[in-house]
Every structure is written in C-alpha cells, then in structure tokens.
There are 2 protein chains.
Amino acid sequence: MPAKDTGTEQLIKATAKRIFFAEGKLHATTQDIANAAGVNRAALHYYFRTRDQLVAVVFNESMRELSERLGTVMASDQSFKEKVRELIAVFMKEMTAYPYQETFLVTEINTSGMDLVKGINEVPVNAFLDEVETEMNTGNIEKMPPRHFLMNLFSLLSYPVIMSPIYRQFFKMSQEDFAQLLAEREQLIYQHIFK
Amino acid sequence: MPAKDTGTEQLIKATAKRIFFAEGKLHATTQDIANAAGVNRAALHYYFRTRDQLVAVVFNESMRELSERLGTVMASDQSFKEKVRELIAVFMKEMTAYPYQETFLVTEINTSGMDLVKGINEVPVNAFLDEVETEMNTGNIEKMPPRHFLMNLFSLLSYPVIMSPIYRQFFKMSQEDFAQLLAEREQLIYQHIFK
DNA sequence: TTTTTGTTTAACAAAATTGTTTAAATAGAT
DNA sequence: ATCTATTTAAACAATTTTGTTAAACAAAAA
C-alpha cells in the first residue's frame, strides 16, 4: 500500500500495457516488464505484490476504459452521424495505439473464466441500438439487425489492425505501406455506412 | 525420431491445437496439454523434444493450412459469386471450430519476430484481387480498393467470433443466443456483398 | 521364447520465473 | 536535520515449468 505516488507505479502499469497491448507480447514475464520500464523487478512487487495482481489491475482498467470510451460516445449529445464518425475516429486511434488490447482481454477471460468480466460498468448499448434501428427505418443506413451493424462496424475497424502481421505477409507489403492502407479505412468505413 | 505412429503424436498435436485455437488458452503449459490429451508429459517430449518445437510445428501447420484453405478457394474453377460464397462458408466453419487460430499465429509472430512467417506457400491473392476489381467494374459489387474488400470480408467473418466473450458481456447474451447471432452472419455477409 | 524395437511412464534434474527479505541509498516533506 | 516513503541491489527461497533418464511395458520379429 504505497502512499506517495511518484509515478513509478503508473510507469510500470503503462509499460505493462505497452508490452501487452501495443507489442502483443502476451507471455511477457515480470522481468520483461521491469526491464522495459527501467525499474528493478522488486519495484513491481512493491506496487503490485504479484504478477497476477498486476495483470488483474491492467485487465480491469482496460475493461473499464473500453466501456467508458464506448459509453461516452454512444450517450453523447450528437447526431447519429456524428456519433458514428466519432466512434470510428476514437476506436481507430485506439486500435492503432493498442492493437492487442482486446486480444489480451479475451485471452485473459479464456484463461481465467468469464467471472473476470463481472462488475463492469453498464454501457448504454441498447439505447444506441434503438437509435441504429431508427436510422435504418429512416433509410439513412442499410437495414439489418442492429447488433450486426455494431459488430460489423467494430470488425471493420479492428480486425485488419490486429491481423496486420499476417496480412502484410499475404499482401507482401512493408510496415509503412500497410499502415497507409489502414489509414485509408477510416474514410472508407464512414462512406460505406452512409453511402 | 519415432518410427511407429500409434496416433499419440497426432493426438498431442490435435490437443495442442484445440487448447490454443479453440479454447484460446495461449499460456497453456506442457502439463496442460498432456493432461488434456490424456498422456504422460514425457510423451510430449518424446515426440516433440521441447515445448518450443511443439509450438513451432503447430504454428507452421496452421500457417500452411491457412494459406492452402485460402489458395484452394481463390484459385478454384468457379464463378466469383461461388468463390465468395465458399470463402464465407469455409472460413465461417473454421472460425467456429478454431476461433483463436489467427490470434495464436499473431501472438507467436509478435513474440518471436516476423521470421517465423517466412517460407510460407504462395497464395494467389493477386489473381483474386484482379478478379475482385473486375467484378467492381462490372458493377456486381461495390467499388473500393480490392484489398479493402478482402480485409472487410475476413473482418466481418472473424472478429465477432474472436471477441465473443466481450460482446456477450456488452449484449448480455447467453452462449447459445450469441452462437445463434453469429450463425445469422453467413447469410447476412453474403447478401451485403451482392446486394 | 527370447530379442528387438519402439512406446510410455515415474522419478529425477535443471532451468526459469516468481516472490521475499534485507540493507543501503535516495529523495521529499515536515 | 529528521522522518518517512520510495527505490535499488543483491541474495535467497519457493514455485512452476521444462527437460532428461532409466526402467517398465507392449508388440512384433527372429
């Protein structure tokens, strides 16, 4: 139970997130994390006691932030079009910074059971789904079961980023060229929805 | 170098794939795998020498099979519509059986470097992309850069399956109900492409 | 049946990873 | 200056995971 927060605790946490979420190294050891953060491994235990607890903290924060990101945009005081535009912008930015965040979450859930995911903030997803349905009835977007609209949107945003190491191989593209390809998608997805 | 093949080697490999690809337990130990296969852990070393080599074998087979699945459909002697229909069917079936196969591949690549992915069979992806472009010019499908068409297709097929533990939470759906939701997508995706 | 060969197992050894402890050094705050 | 909390280093212990070995076992060949 440290009292002063000199930033080391945050540094360790941020580094763990970088390794797990950005570098996709899901098997990273406490030594890996300590090295990357430039701190002694004992500091990691000083602040988090065990590896499992560090992972739990990272998991919970990540899950909460994900819910909040989603909730904030969905419940924002904007037109539907603006909401979708912001959803795309916010999540594309997040995916680019942290491609493997969802992969980490799902892997942890698969390892430790669905209990992990309990006690997560409510997300106003149903209200948003109603809004989606309204837009479909108005003819502004293609008709389909609203939950599929939402899954489609996130699929288009996320999957190519996550699978970039494989796609780059299939397409024989450099890191830079593929990043360029991904950057095109923000426009593309928006236009595809509101064509 | 075992001579007789009693099936144990295949059993161990198949079990490892089940744990990694189907259950998504990417941190599984040799003991986990041996237990699940119902064999002594030493048998695992007898056939694969080390954990790393077992993982390498699983990785390479998975990568090769993925390429072949893709290549077989893309280079098949069928109309474009039929190819797309088969792509959807084949990959939806594969995703349902092995949701975390790609996740495993990418995690391994992130852990061990892109070298892993070298020496993979050529996939006739460029020929297929040309075909996609032709179909766009004919007006059969919506116009966009062909590579995005391909990424979109696989995104829509794969991502909801992979993220099912998270989506089930957001949508508050049971395992069965969500499986039903996913089953709807095969039709949905096909119709969306050829609307 | 004995031998041979390949398979499987239990027990053991080695290595890697995690967690603890102590002492000393550092740095801020009072 | 003293006090308190933080950080490091280093050594160590405990645990987990991996890897090895020798013996038991099974099945087919000689």
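Because the structure is predicted, anything quoted here is derived from the model rather than measured. Here is how names work: the chains are called A, B, and so on, in the same order as the sequence lines, proteins then strands, and each is numbered from 1.
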Let me have the donor-acceptor pairs involving side chains of residues 186-193 of chain B, under 3.5 Å, with sequence neighbours excluded, atom names and distances please.
from     : atom 1 : to       : atom 2 : distance (Å)
B:Gln187 : OE1    : B:Gln191 : NE2    : 2.9
B:Tyr190 : OH     : B:Arg85  : NH2    : 3.4
B:His192 : NE2    : A:Glu142 : OE1    : 3.3
B:His192 : NE2    : A:His192 : NE2    : 3.3

To the nearest Å, give me how far apart [atom1] ([X]) and [atom2] ([N]) are.
X	N	atom1	atom2	answer
B:Arg41	D:dT20	CZ	P	11 Å
A:Asp52	D:dT16	CG	C1'	12 Å
A:His45	C:dT18	NE2	C1'	5 Å
A:Leu44	C:dT17	CG	P	15 Å
A:Glu9	D:dT6	CD	P	9 Å

### Message
Using a strict heavy-atom distance below 4.0 Å, which residues from residues 26-35 of chain A are in contact with DNA chain C?
### Response
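Residues of residues 26-35 of chain A that come under 4.0 Å of DNA chain C are, in numerical order, A:Thr29, A:Thr30.
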In terms of the angle between their ring planes, are [X] and [Y] parallel, tilted or perpendicular, with boundaries placed at 30° and 60°?
X	Y	answer
A:Phe171	A:Phe178	tilted
B:Phe154	B:Phe91	perpendicular
A:Tyr159	A:Tyr167	perpendicular

Please determine, for the side chain of [X], which listed nucleotide ([options]) has the closest atom?
X	options	result
A:Ala43	C:dT8, D:dT8, C:dT20	D:dT8
A:Asn40	D:dT6, D:dG19, D:dA9	D:dA9
A:Ala42	C:dT21, D:dT6, C:dT9	C:dT21

### Task
Give each stem of DNA chain D as a range with a range, requiring at least 3 consecutive Watson-Crick or G-U wobble pairs whose two distances are under 3.5 Å.
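Stems (3+ consecutive pairs) listed as C:1-30 with D:1-30.
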### Message
Both conditions, 6.0 Å and 45 degrees, for the charged tip of B:Lys83 above the ring of B:Phe128: are they met here?
### Response
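Negative - B:Lys83 is either too far from the ring of B:Phe128 or too far off its axis.
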### Query
Any donor-acceptor pair under 3.5 Å between the side chain of B:Arg51 and the base of D:dG19?
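Looking at the base of D:dG19, it does not pair with any donor or acceptor on the side chain of B:Arg51 (distance under 3.5 Å).
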### Message
Working to the nearest 0.5 angstrom, can you tell me the gap between B:Leu26 CG and B:Phe21 CZ?
### Response
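Between atom CG of B:Leu26 and atom CZ of B:Phe21 there are 9.5 Å.
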### Query
Within the side chain of A:Thr103, is there an N or O that forms a donor-acceptor pair under 3.5 Å with the backbone of A:Pro99?
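Here the side-chain-to-backbone pair does not exist.
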### Task
Report yes if at least one side-chain N or O of B:Tyr46 is closer than 4.0 Å to OP1 or OP2 of D:dG19; otherwise report no.
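Indeed not, no polar side-chain atom of B:Tyr46 lies that close.
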### Query
How about B:Tyr100 and B:Phe20: are their ring centres within less than 6.0 Å of each other?
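Judged by ring-centre distance (under 6.0 Å), B:Tyr100 and B:Phe20 do not meet the cut-off.
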### Task
Check the side chains of B:Gln31 and B:Thr29 for a donor-acceptor pair under 3.5 angstrom, ignoring hydrogens and angles.
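Their side chains do not contain a donor-acceptor pair, so the 3.5 Å distance test is not met.
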